[in-house]
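Chain letters run A, B, ... following the sequence lines, proteins first and then strands; every chain starts at 1.
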Number of protein chains: 2
Amino acid sequence: MAREITEVACPHRLKASRDALDVIQGKWRIPIIISLTYGKKRFGEINKDIADISPKMLSQELKALEENKIIVRTLYDSMPVTVEYSLTELGLSLNKLLEELLIWGIHFRETIVGK
Amino acid sequence: MAREITEVACPHRLKASRDALDVIQGKWRIPIIISLTYGKKRFGEINKDIADISPKMLSQELKALEENKIIVRTLYDSMPVTVEYSLTELGLSLNKLLEELLIWGIHFRETIVGK
DNA sequence: GTAAGTAGTTACCTACAGGTAAGTAAAATA
DNA sequence: TATTTTACTTACCTGTAGGTAACTACTTAC
């Protein structure tokens, strides 16, 4: 019965969904990921892309995304040290989820606001 | 160029994604939605499904989900007053997004933990 | 009358997300 | 020598998410 599915399958499903949510949640993660889908960028470039983020928050969120293997930080020891951030394979694999989030968000807006 | 897409299309995309995230984010929203995908339920039944939620949090989150038109609250004035919660069309339409969240969550776990 | 069930509410507390402002270090430029 | 650029860090503050515990109101069963 449905009861069995609920009790047996749900804890695992819940844990995975929660993991995914934890990675993309917060105010800045998605903007950062989207900023990097258009290619590798430097700290200052991301900062310009996302106008209202403070360097503290950007630094903090980049660190978190790096820990979760969503992005990689590459340091070039050129004359003025430059750092570049880019999406990993795992980061790129978020594409479908982000797309679905976007689609539902639009649907939500149409349903709530539109009528 | 990509630059143009970034600057023109992103603010709207971001807003929609953020809207969607706001609806499902937090510790209890997804568990509650999943609990209701298996049919309408009463307060006490959801409380039993999600063992560690407090009545305060359940009440609070049900109210928020109702405000966002994800669920409906139906009151039956039978002898002991009973209340039933069920998913709306909009709530049911979250299915694909939740599925995608689950799929990526599993992929994430395999990539991070598995190897 | 007392207990138990249904569906919550109220008051209070803590932890973390996020924000502001300023400081840091190293090299390039003027 | 002083200023600018890049990439941050540090200290401090506020607001919200979430938690605990106890209380409420109504009804049925014992």
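- One interatomic measurement links the two molecules: CZ of B:F43 to C1' of C:dT9, which rounds to 10 Å at whole-angstrom precision.
- The distance from atom CD of A:Q60 to atom OG of A:S54, rounded to the nearest 0.5 Å, is 8.0 Å.
- Distance B:R18 CZ to C:dG18 C1': 12 Å, rounded to the nearest Å.
- A close approach under 4.0 Å does not occur between any side-chain nitrogen or oxygen of A:K63 and OP1 or OP2 of D:dC8.
- Note on B:Y85: a side-chain N or O is less than 4.0 Å away from OP1 or OP2 of C:dG8.
- When every heavy atom of A:I30 is checked against every heavy atom of A:I24, the shortest pair comes out as CG1-O, 3.7 Å.
- Between A:I53 atom CD1 and C:dG18 atom C1' there is a gap of 10 Å when expressed in whole angstrom units.
- Along DNA chain C, the nucleotide nearest B:E84 and the nucleotide nearest A:R29 are compared for position; the residue whose nucleotide lies closer to the 5' end is B:E84.
- Taking only distance into account, the side chain of B:K56 never meets the base of C:dG8 through a donor-acceptor pair shorter than 3.5 Å.
- Between the CG atom in A:L87 and the NZ atom in A:K69 there is a gap of 15.0 Å [rounded to 0.5 Å].
- Among the protein residues, B:R73 comes within range of the sugar-phosphate backbone only, with heavy atoms under 4.0 Å from sugar or phosphate atoms but none that close to a base.
- For A:S59, taking side-chain heavy atoms from C-beta onward, the closest of the listed nucleotides D:dA7, D:dG18, D:dT9 is D:dT9.
- For C:dT6, neither phosphate oxygen OP1 nor OP2 lies less than 4.0 angstrom from any side-chain nitrogen or oxygen of B:T82.
- Criterion: ILVMFWY side-chain heavy atoms under 4.5 Å apart, direct or through other members. Under it, A:Y38 and A:L102 are not part of a common hydrophobic cluster.
- Counting to the nearest Å, the P atom of D:dT9 and the CG atom of A:N47 are 13 Å from each other.
- If you measure from atom CE of A:M57 to atom P of D:dT9, you get 13 Å, rounded to the nearest angstrom.
- Close to D:dG19, at under 4.0 Å from its OP1 or OP2, lies no side-chain N or O of B:S54.
- Salt-bridge formation is not detected for the pair B:K41/B:E84: no Lys NZ or Arg NE/NH1/NH2 atom is positioned less than 4.0 Å from an Asp or Glu carboxylate oxygen.
- As a whole-Å value, the separation of A:L21 CG from C:dA17 C1' is 15 Å.
- Only one option out of B:I50, B:I32, B:I33 pairs with B:E61 in a side chain to side chain contact (heavy atoms under 4.5 Å, CB included); it is B:I32.
- Nucleotide C:dC16 holds its P atom 13 Å from the CG atom of A:D22, rounded to whole Å.
- No option in A:T88, A:L62, A:L90 other than A:L62 meets the side chain to side chain contact (heavy atoms under 4.5 Å, CB included) test with A:I71.
- If you take CD1 of B:I50 and C1' of D:dG19, they are 16 Å apart, rounded to a whole angstrom.
- Relative to the side chain of A:K27, the nucleotides D:dA7, C:dG8, C:dG18 differ in distance, and C:dG18 lies closest.
- OP1 and OP2 of D:dT6 both lie 4.0 Å or more from every side-chain N or O belonging to A:R42.
- Each end of the helix from C:dG1-D:dC30 to C:dA30-D:dT1 gets its own axis from five base pairs, and the two axes differ in direction by 10°, given to 10 degrees.
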Residue pair A:D19, A:K15: steps toward the salt bridge (Lys or Arg N to Asp or Glu O under 4.0 Å) verdict: CA-CA 6 Å; A:D19 283 346; A:K15 217 167 186 298; 5.4 Å; no
